[in-house]
Structure formats: C-alpha cells, structure tokens
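So the structure is just underneath, and the comments pick up after that.
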Amino acid sequence: MSARRHGALAFSQRSTSAPMRAANGPTRRTLLQAALALSLASGVTERAWADTLIQRPIPSSGELLPLIGLGSWITFNVGDDAELRAECAAVIEAFFAEGGRLIDSSPMYGSSQSVIGAALQSMGRPDQVFSADKVWISDPAEGRSQIEQSRRHWAVTRFDLMQVHNLLSWEAHLDTLLQMKADGKLRYVGITTSEGRRHEEFERVMRRQPLDFIQLSYNLVNRQAEQRLLPLAQERGIAVIANRPFQQGVLIDRLKRHPLPPWAGEWQCNAWSQLLLKFIVSHPALTCAIPATSQVAHLRENMQAARGVLPDESQRKQLVEYVDAL
C-alpha cells in the first residue's frame, strides 16, 4: 500500500470517532460508507481496509501512531528466566507483525527494559519501534544517568519519547528532557500519572509546559480524565496515552463472566478486551492505549481494537450503561 493510500485510510478512519451527527451534517454511517468507497476507489480492497490499523497523529508533529501500543508493567518483569524472556520476545515480535509501534516501559518496571532490549536486538532492532520510557528518580541530578542506563537497556540510539513518571521531581526532570529534545537527543517529551492521582497538579503542568505527550489512566470505569484532562489535551495539542485499560486485568475478570452485548458485532468485536479498548481509543483526544500482556493470543486480540470501525458517542454511552447494569 502506498504512503498516500495509507495516509488516506488513517485520516478517514479517524473521522469515524466523531459524534453521530453534526447539525444538518452526514450520519456516522454515511461517513463510514464514504471512507470505504474512497479506499476502494483508490484500489484498496474491503478486506485490506478492515485489516489496516487505525492511526492518529501526534499533534505536535503529525507523525502517525497506531491506536494500540504495548505496555510492559508486570508482564515483562521476568528477570533472567530464559523461557519467560522468549515468551516476551514472541509477544513483541507479534506486536510488530500486527503493525504495532509504541512500546512503553519505565525503570520502575523491574527487568522490563532489558527484556524489551534483548527482544529488539534479536529482531535486528526494527525501525518501526517507537520507544517510550520514563525518568523516575527523586534526585534530579541523577536523571540523565538514569535515562542513559535505560537507553542502554533498550539498546536504542535515542528514545522517541521520555516521560516524567508520576510527576516525581517533575520541574527539574522536565527541564532536562526539554534540553535533550533541543539537543536532538530525544524526540518527544511528556509526563505521566496513573489511577487518577494528582490530576490538579497534572493539569497545571499541562497548561504551562510545552508537552508533546501525557500518559494517564483511562478506561470504561475510570473516566475521571474526561472531565478536564482530555479536553485540555485537545485544546493544547498534546498526545494522550491511556494506561491501565483493563485495571491490571481486574476489569476483564469482572466482565468475562457476562455475555458480550448483542451489538458487539457492530463494533467488530468478539471479546471484552476489544470492546474495552475501542471504548478508550474512540475518544477523540486519545492517541494510543497501552495494554500489557505476556501472551501472543491476547496481543493479537488486543490489536484488533485498532481495526475496522470505532464507536460514536452514543454507542460509547450505550456500553457504559450496559456495563453499569451488570
């Protein structure tokens, strides 16, 4: 597929996440049919259109990222166990085969960084990887050395994205990251939080600092970010990564005892994980969600959430009401 066609698909797919109908405007179904017709007219088959990963642009650059990335919290913290490392490498290899790009880690995640690095080296350091990591140390003077240690673990020339983890010593670390970006040693700068913590301070940093990315917790039952942070990200042109999409598996365990809603097929979903992920990434502020897994089958299941159609606002509300009633 040519770059031009690929870009057209990315743009047309993004448009389907808008509300169902603007005033006197076309319906979501009409927009979807028009997007498909445009793709087919360009020589893209219906099957290829459905199989193409939906991408969104990083607002500060326009670079496209697939809606589903790969987290590494807990799942890749396997130490030196050769068998478990091989399983993690298989997940990463499948992630790239499915068209994925962004992998996220942190010094907080035990051996995850070195596990990722070993997998990347075994694959010849694939160009498509978008490396996202974090600085997480209370002493600002140690920030650069921690970042360098993380870079060596990953075995990359430089990180694509470096984030101040959970706002720890954020003022000094953000100065460091912005200088690294200015020096060409880093491509993007961000901050993170999780589980709804420190949202007020997070918002203040978003308003005052030139951020490329934020990372926060957002899922079907944790929607606090919808109130202020996601609208502010859209206003400020900041990319958004959603962590804890399944509440570390708690949400999946709760829902798997119940049948999928009868309209799941309209979302082109056959698993709860896909419904939950499509709910997240269909929010127009979202750039990427980062589910973590150590199983190839689960990885492939998750990646399907970045294909086909995305729910509109009324369908998102329908899923919330369905789950609330369980």
Side-chain angles (χ1 to χ4, degrees), residues 10 13-21 28-29 31-32 50 52-56 65-71 98 100 102 104 193-196 199 214-231 233-234 239-293 298-326:
Q13 293 273 38
R14 290 199 302 275
S15 69
T16 66
S17 63
M20 179 177 287
R21 184 191 294 268
R28 175 181 173 276
R29 183 181 297 276
L31 289 172
L32 181 59
T52 300
L53 287 184
I54 307 171
Q55 303 187 84
R56 285 217 178 102
L65 285 178
L67 288 179
I68 304 299
L70 181 62
E98 291 284 333
L102 188 149
D104 178 84
T193 188
S194 60
E195 302 181 72
H199 275 200
I214 59 168
Q215 182 181 142
L216 45 73
S217 296
Y218 179 60
N219 55 58
L220 185 71
V221 297
N222 180 0
R223 304 190 299 276
Q224 182 182 354
E226 290 179 348
Q227 299 173 16
R228 300 180 68 89
L229 298 187
L230 295 185
Q234 290 179 280
V240 180
I241 299 172
N243 60 41
R244 296 174 60 86
F246 306 139
Q247 293 187 310
Q248 290 185 237
V250 172
L251 189 52
I252 292 285
D253 289 341
R254 170 191 162 192
L255 293 175
K256 68 183 181 182
R257 302 189 299 271
H258 301 280
L260 296 175
W263 34 263
E266 296 179 19
W267 294 28
Q268 298 176 339
C269 295
N270 55 25
W272 274 111
S273 60
Q274 295 165 359
L275 282 169
L276 296 174
L277 287 170
K278 281 204 171 186
F279 172 85
I280 294 169
V281 299
S282 61
H283 192 290
L286 260 291
T287 307
C288 183
I290 49 171
T293 182
H298 289 171
L299 179 282
R300 290 176 175 150
E301 183 178 276
N302 292 342
M303 295 301 288
Q304 288 302 312
R307 294 186 169 93
V309 299
L310 294 178
D312 59 33
E313 187 60 31
S314 66
Q315 291 172 313
R316 286 164 51 82
K317 291 179 179 177
Q318 185 180 25
L319 181 60
V320 171
E321 292 170 357
Y322 182 88
V323 171
D324 285 349
L326 293 178

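Within the model, atoms CD of Gln224 and CG of Leu230 stand 10.5 Å from one another, a figure rounded to the nearest 0.5 Å. In this structure, the separation between CG on Leu65 and CD1 on Ile54 is 14.0 Å, given to the nearest 0.5 Å. The structure places NE2 of His298 at 9.5 Å from CZ of Phe246, a figure rounded to the nearest 0.5 Å. Separating the OG1 atom in Thr293 from the CG atom in Asn302 is a distance of 6.5 Å, to the nearest 0.5 Å. In this structure, CG in Leu102 is found 11.5 Å from CG in Leu67, a value given to the nearest 0.5 Å. Taken from CG in Leu255 to OH in Tyr322, the straight-line distance is 9.0 Å, to the nearest 0.5 Å.
When side chains are defined from C-beta on, Leu319 does not count as touching Pro311, because their heavy atoms never get closer than 4.5 Å. Contact check for Phe279 versus Asn219: no side-chain heavy atoms found under the 4.5 Å cut-off. Residues Arg254 and Val323 have side chains in contact (heavy-atom distance under 4.5 Å, counting atoms from C-beta outward). Counting heavy atoms from C-beta outward, Thr193 and Gln215 have side chains that stay 4.5 Å or more apart. The closest side-chain heavy-atom distance from Glu98 to Ile68 is not below 4.5 Å.
Of the candidates Leu229, Val281, Leu286, Leu286 is the only one forming a side-chain contact (heavy atoms from CB on, under 4.5 Å) with Val240. Under the side-chain contact (heavy atoms from CB on, under 4.5 Å) rule, Ile241 has a single partner from Thr287, Ile214, Ile290, which is Ile290.
Between the side chain of Arg228 and the backbone N or O of Ala225 there is no donor-acceptor pair closer than 3.5 Å. With Gln274 contributing its side chain and Glu301 its backbone, the two residues share a donor-acceptor pair below 3.5 Å. Remark: the backbone N or O of Cys269 is not paired with any side-chain donor or acceptor of Lys278 at under 3.5 angstrom.
Closest heavy-atom contact between Gly69 and Cys288: N-SG, 3.3 Å. Taking all atoms of both residues into account, the shortest heavy-atom contact from Arg244 to Ser194 is CD-CB, 4.3 Å. Nearest heavy atoms, Ser217 versus Asn243: OG-OD1, 2.6 Å. Residues Gly196 and Asn222 approach most closely at N-ND2, 4.4 Å, considering heavy atoms.
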Please list, one pair per line, the donor and acceptor atoms closer than 3.5 Å that link side chains of residues 256-263 to other protein atoms, with sequence neighbours excluded.
from: Lys256; atom 1: NZ; to: Asp253; atom 2: OD1; distance (Å): 3.4
from: Arg257; atom 1: NH1; to: Asp253; atom 2: O; distance (Å): 3.2

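With sequence neighbours excluded, the residues satisfying salt bridge (Lys or Arg N to Asp or Glu O under 4.0 Å) with Arg316 are Glu226, Glu313.
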Handout entry: Test log, rule side-chain hydrogen bond (donor to acceptor under 3.5 Å, both in side chains), inputs Arg300 and Gln304
Key = CA-CA 7 Å; Arg300 290 176 175 150; Gln304 288 302 312; over 6 Å; no

